[in-house]
Amino acid sequence: MVVWVVASGMSYDLTDKTAIVTGAASGIGAKTAERFAEEGANVVVADVLTEGGRETVDRIESAGGTATFVETDVSDPEAVEAMVQAAVDTYGSVDVAHNNAGIEGDDERFDQQTEDNWDRVVDINLKGIWLCMKYELRAMADDGGAIVNTSSIAGLSAAGPTPYVASKHGIIGLTRVAASEYARADVRVNAVCPGVIDTPMVDRSAADNADQIEQFVGMQPLGRMGTPEEVANAVVWLCSEEASFVTGNAYPIDGGYMAL
Ligand code: NAI
């Protein structure tokens with residue numbers, strides 16, 4: 001792989017770029033923040049969880065990278081605007097973003113879902129991504145950029161509870177509209193659709209319903225959970241110059257789940 005990258009003259013180089021990652025205190029977002037920093041980006045680590053967010057920054061700095069934590073609730077418009085402004089104030093621009101914060105919500109059948117749970121899941125998972133893109137796109141308007149949103153196999157199938165599935169389908173719609181409206185501004189927008197990935201979210205779901213998680217993992221032809229790094233690698237590629245002709249699509253990172 002290294003030989004091919006060198007021989008082809010391409011790389012994932014993000015030196016001096018500014019990256020925002022939401023949900024970066026844990027799981028997939030924490031790993032993407034670390035991978036962005038490894039590729040040379042200055043990273044804004046955004047999350048509601050202060051302790052986990054600071055730990056991500058510590059890991060990045062210990063590895064020689066640059067990052068800062070910005071406490072952000074992605075469902076709060078003022079907080080999201082302030083997050084994007086903090087990136088511009090601290091590092092001078094916003095060049096790449098991984099809008100990834102999300103929650104699983106209650107695991108109930110369709111007619112047992114509460115309005116409270118619907119509102120909470122849709123506010124964070126869907127409105128949160130819309131708000132992040134709204135302010136990121138403004139910040140990218142002059143110099144372009146790349147955005148990746150975290151959807152799910154639940155954005156492409158019925159694999160999950162109603163509000164989660166609806167929110168993850170909606171993210172793909174937001175991704176397509178933003179990609180088509182901002183292509184001529186040199187902003188690429190894509191989504192990743194992870195299958196079952198070994199993170200605290202899956203640990204929580206397994207604590208409630210271990211059989212269901214086992215069933216989903218069994219439906220992934222590779223026969224195992226994915227790792228946060230395997231999703232982060234796809235996000236880094238989509239944000240890099242190597243993906244310069246890739247926009248407006250949603251990519252399963254799912255061990256083959258959607259192939260069946
Ligand atoms: P996680 O629970 O480890 O990480 C999610 C992070 O989002 C946490 O740090 C949490 O504090 C943060 N967050 C939650 N609400 C927030 C808010 N209002 N504002 C800012 N941050 C907030 O879970 P994981 O697995 O890393 O999930 C990341 C994304 O990947 C989520 O959008 C999830 O839906 C998605 N995903 C995960 C899969 C998996 O199997 N782990 C499969 C498909 C999608």
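Predicted, not measured: the structure shown is a model, and the values here were computed from it. Worth knowing before you read on, the calculation uses all heavy atoms, side chains too, and leaves out hydrogens, waters and symmetry mates. Numbering of ligands and ligand atoms starts at 1, following listing order.
- In terms of N/O distances under 3.5 Å, ligand 1 is approached by Gly195.
- Close approach to Ile28 involves these atoms of ligand 1, each under 4.0 Å from a residue heavy atom: 26 (O), 30 (O), 37 (C).
- Within ligand 1, counting atoms from 1 as listed, the ones closer than 4.0 Å to a heavy atom of Val196 are 40 (O).
- Thr150 counts as a contact of ligand 1, since one of its heavy atoms falls under 4.0 Å from the ligand.
- Contacts of Ser151 with ligand 1, taken as heavy-atom pairs under 4.0 Å, involve the backbone alone.
- Looking at atom 14 (C) of ligand 1, its nearest protein heavy atom turns out to be Ile103 CG2, 3.8 Å.
- Proximity to Arg204 (heavy-atom distance under 4.0 Å) selects the following atoms of ligand 1: 2 (O).
- Less than 4.0 angstrom separates some heavy atom of Leu49 from each of these atoms of ligand 1: 11 (O).
- The nearest heavy-atom contact from the protein to atom 28 (C) of ligand 1 is Asn100 OD1, 3.4 Å.
- Which parts of ligand 1 touch Val202 is read off a 4.0 Å heavy-atom cut-off, strictly below it: atoms 39 (C), 40 (O), 41 (N).
- Side chains of Asp116 and Thr114: a donor-acceptor N/O pair is absent below 3.5 angstrom, by distance only.
- Nearest protein heavy-atom contact of atom 5 (C) of ligand 1 is Gly102 O, 3.9 Å.
- No side-chain heavy atom of Ile60 sits under 4.5 Å from any side-chain heavy atom of Thr66.
- At the top of the distance list for atom 16 (C) of ligand 1, counting protein heavy atoms only, stands Val48 CG2, 3.8 Å.
- Looking only at heavy atoms of the protein, atom 25 (O) of ligand 1 is closest to Thr199 OG1, 2.6 Å.
- Taking 4.5 Å as the limit, some side-chain heavy atom of Asn190 sits within range of a side-chain heavy atom of Val246.
- Closest approach of Glu39 to Asp13, counting heavy atoms only: O-OD1, 3.5 Å.
- Within a 6.0 Å sphere centred on CZ of Arg59, heavy atoms belonging to other residues, nucleotides or ligands number more than 12.
- Thr56 contributes a side-chain N or O that, together with a main-chain N or O of Ala24, makes up a donor-acceptor pair within less than 3.5 Å.
- Residue contacts with ligand 1: Lys168 is included, with a non-hydrogen atom under 4.0 Å away.
- Looking at Ile197 against ligand 1, both its backbone and its side chain come within 4.0 Å, counting heavy atoms.
- Close contacts of ligand 1 with Tyr164, meaning ligand atoms under 4.0 Å from a residue heavy atom, involve 33 (C), 34 (O), 35 (C), 36 (N), 43 (C), 44 (C).
- No donor-acceptor pair closer than 3.5 Å links the side chain of Asp198 to the backbone N or O of Thr227.
- Remark: minimum distance from atom 1 (P) of ligand 1 to any protein heavy atom is reached at Ser26 OG, 3.6 Å.
- The shortest N or O to N or O distance between Val74 and ligand 1 is below 3.5 Å.
- Each of the atoms 3 (O), 26 (O) of ligand 1 lies under 4.0 Å from some heavy atom of Gly27.
- Between the side chain of Thr22 and the backbone N or O of Ala101, at least one donor-acceptor pair lies under 3.5 Å.
- In the displayed structure, Arg224 atom CZ is contacted under 6.0 Å by more than 12 heavy atoms of other residues, nucleotides or ligands.
- Not one N or O on the side chain of Lys127 forms a donor-acceptor pair closer than 3.5 Å with the backbone of Val74.
- Around the CG atom of Asp16, the shell of radius 6.0 Å holds no more than 12 heavy atoms that belong to other residues, nucleotides or ligands.
- Less than 4.0 angstrom separates some heavy atom of Thr72 from each of these atoms of ligand 1: 19 (N), 20 (C).
- Counted within 6.0 Å of CD on Glu61, heavy atoms from surrounding residues, nucleotides or ligands total more than 12; the atom is thus considered enclosed.
- Rounding to the nearest 0.5 Å gives a distance of 7.5 Å between CD of Gln212 and OG of Ser205.
- With a heavy-atom cut-off of 4.0 Å, Asp73 touches ligand 1 through backbone and side chain alike.
- When hydrogens are left out, the protein atom nearest atom 21 (N) of ligand 1 is Ala101 CB, 3.5 Å; that is the closest non-hydrogen contact.
- To the nearest 0.5 Å, the span separating CZ on Phe36 from OG on Ser240 amounts to 9.5 Å.
- For Asp47, a nitrogen or oxygen atom sits less than 3.5 Å from a nitrogen or oxygen atom of ligand 1, counting backbone and side chain alike.
- The closest protein non-hydrogen atom to atom 27 (O) of ligand 1 is Met201 CE, 4.0 Å.
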